[in-house]
Amino acid sequence: MGRHLSRNADMVQRGSERREKLRWSVVVPVHNCAHFLPETLAEVVEQLGGRDDAEIIVVDDASTDDVASVVRTVGRGTVRYERNPANLGAVATFNRCIEVSRGEIVHILHGDDTVLPGFYVAMELALEGSPALTAMCRTRHIDGEGRTLHETRRYREGTGIWEGAFDAFAVSNRVRAPGMVVRRAAYDAFGTFRTDLPHAADWELWTRMASRGPVVFVDEILAGYRKHGESDTSRRMTSGENIRERVTAIGLISGHVPPRRRRATTRKALAYSVVYAGRSALDMARRREWRAALAQTREGARCVLRAPFGVGCDPRTDAHSGDASVIRSRTGRSVRV
């Protein structure tokens, strides 16, 4: 199937230790979602379980359900199980996923999401010979029973470099987590997830990566993003915290935008937040979830009031000043973000 799909993993010398150089790391963070995990793992094992240049790891954030037995049953010896000593929370667990993995391409696949047949071959081919740091595919939104709700948009015709990715990411999060893969070198060079953004850490990270290098858009629906009432996103929507954190994230993300474009970009981001909150409120109202609908309406109205002025750049991430904060990279180096 070609050089990039070779099952003969290279060996590299690291000091006195020889270790396998892996092409893929698929890392599955889980917390109390063992009932979804068999579906998640089964397709990954089907696609990568027979390859000796891939690893599959489940990182359990101190769940109270029996994740380990699912790993043993579904993994059939091909899946490694790692358990956090205590509950670290979602974002810190994402960073631990990166820390314990060692493949050249890292896929963080949440324990309640899915990949479709052909995902790993398509994503690997998309990155082969490309300068891109990341690759993302179209994603199918599914409910708790796996029924399709809708599908994400096509951002370009055919697979290739998405020229407008950074401008799009700076306004709103266009990525669904199961549809994104990242080169190990990008995490090493530009840092990992910010733990001070519990809801929007992925949005800030994808924008940061897009500001540093190209994004490949894979014009195929190859992943499933599950929306259900038990998810962290659903809980934050009920309180309106998801919109409040979006505003905080806009200030952080604007640090990656050239200063002359920041006000216009943050105004667009606020306008999109109004639209997003409005759509969410209508969706909640149709389901008679009145508290959540009211919270989304309230926070959307606050964004309307702020929109004419934009959001000031948070100096912690101003890439054009000397005050940007640092995130410790996987290699131990301090990385400005």
Side-chain angles (χ1 to χ4, degrees), residues 22 24-51 54-103 105-123 136-137 139-149 175-182 193 198-199 201-202 221-236:
L22 298 178
W24 277 104
S25 287
V26 182
V27 201
V28 184
V30 298
H31 179 68
N32 292 343
C33 62
H35 52 303
F36 290 122
L37 190 57
E39 180 182 359
T40 302
L41 281 182
E43 185 60 36
V44 179
V45 171
E46 176 67 23
Q47 294 186 44
L48 294 181
R51 286 179 56 168
E55 64 179 356
I56 307 167
I57 309 167
V58 169
V59 178
D60 182 0
D61 191 22
S63 298
T64 57
D65 53 10
D66 195 356
V67 173
S69 67
V70 176
V71 172
R72 286 193 299 270
T73 301
V74 181
R76 305 192 301 271
T78 64
V79 179
R80 190 167 101 230
Y81 177 70
E82 298 271 353
R83 182 178 171 88
N84 292 344
N87 181 261
L88 303 180
V91 178
T93 299
F94 300 161
N95 285 338
R96 183 157 189 256
C97 286
I98 298 166
E99 179 184 346
V100 301
S101 64
R102 56 199 175 97
I105 307 172
V106 181
H107 183 210
I108 298 177
L109 176 65
H110 298 183
D112 53 358
D113 292 334
T114 64
V115 292
L116 303 183
F119 177 90
Y120 293 102
V121 169
M123 302 302 270
M136 62 173 283
C137 67
T139 304
R140 177 177 297 152
H141 286 216
I142 57 177
D143 65 13
E145 285 70 48
R147 294 182 294 253
T148 299
L149 301 173
V175 179
R176 297 297 173 264
M180 175 66 90
V181 302
V182 181
F193 294 89
H199 180 71
D202 58 340
I221 297 171
L222 293 170
Y225 172 71
R226 197 180 302 273
K227 301 181 73 174
H228 56 94
E230 303 167 47
S231 68
D232 181 62
T233 299
S234 295
R235 288 190 290 270
R236 291 178 182 275

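Quick caveat: nothing in here was measured; it's all calculated off a predicted structure. All heavy atoms count here, side chains included; hydrogens, waters and symmetry mates do not.
- Looking only at side-chain heavy atoms (C-beta outward), Ile108 and Pro29 come within less than 4.5 Å of each other.
- Inter-residue side-chain proximity for Arg226 and Thr114 is flagged as met; some heavy-atom pair is nearer than 4.5 Å.
- Separating the CG atom in Leu48 from the CD1 atom in Ile56 is a distance of 5.5 Å, to the nearest 0.5 Å.
- Residues satisfying the salt bridge (charged side-chain N to carboxylate O under 4.0 Å, His left out) criterion with Asp143, sequence neighbours excluded, are Arg147.
- Aromatic rings of His110 and Tyr225 (six-membered ring for Trp) have centroids beyond the 6.0 Å cut-off, not under it.
- Between the side chain of Asn84 and the backbone N or O of Val59, no donor-acceptor pair lies under 3.5 Å.
- Between Phe119 and Val181 the shortest side-chain heavy-atom distance falls below 4.5 Å.
- Side chains of Asp202 and Met180 form no contact here, defined as non-hydrogen atoms less than 4.5 Å apart.
- When all heavy atoms are compared, the tightest approach of Ala62 to Asn87 is CB-N, 3.6 Å.
- The line from CG of Asn32 to CG of Asp61 is 9.0 Å long, rounded to the nearest 0.5 Å.
- Proximity of Gln47 to Val26: side-chain heavy atoms (C-beta onward) are nowhere separated by under 4.5 Å.
- Between the CG atom of Asp112 and the NE2 atom of His35 there is a distance of 8.0 Å, given to the nearest 0.5 Å.
- Atom CZ of Arg140 sits about 5.5 Å away from atom CD1 of Ile221, to the nearest 0.5 Å.
- Looking only at distances, a side-chain donor or acceptor of Ser25 sits under 3.5 Å from a matching main-chain atom of Arg102.
- Looking only at side-chain heavy atoms (C-beta outward), Thr93 and His31 stay at 4.5 Å or farther from each other.
- Not counting sequence neighbours, the partners of Pro38 by the side-chain contact (heavy atoms from CB on, under 4.5 Å) test are Val70, Val74.
- Within a 6.0 Å sphere centred on CZ of Arg83, heavy atoms belonging to other residues, nucleotides or ligands number more than 12.
- Residues Ile98 and Phe193 form a side-chain contact, since some pair of their non-hydrogen atoms from C-beta on lies under 4.5 Å apart.
- Panel note: side chain Asp65, backbone Cys33; a donor-acceptor pair is recorded below 3.5 Å.
- Put simply, the side chain of Thr139 never gets that close to the backbone of Ala223: no donor and acceptor are under 3.5 Å apart.
- Here the side chains of Ile105 and Met123 are not in contact, with every heavy-atom distance at 4.5 Å or above.
- Here the CH2-CZ distance, from Trp24 to Arg51, works out to 8.0 Å after rounding to the nearest 0.5 Å.
- No side-chain donor-acceptor contact under 3.5 Å links Ser63 to the backbone of Asp60.
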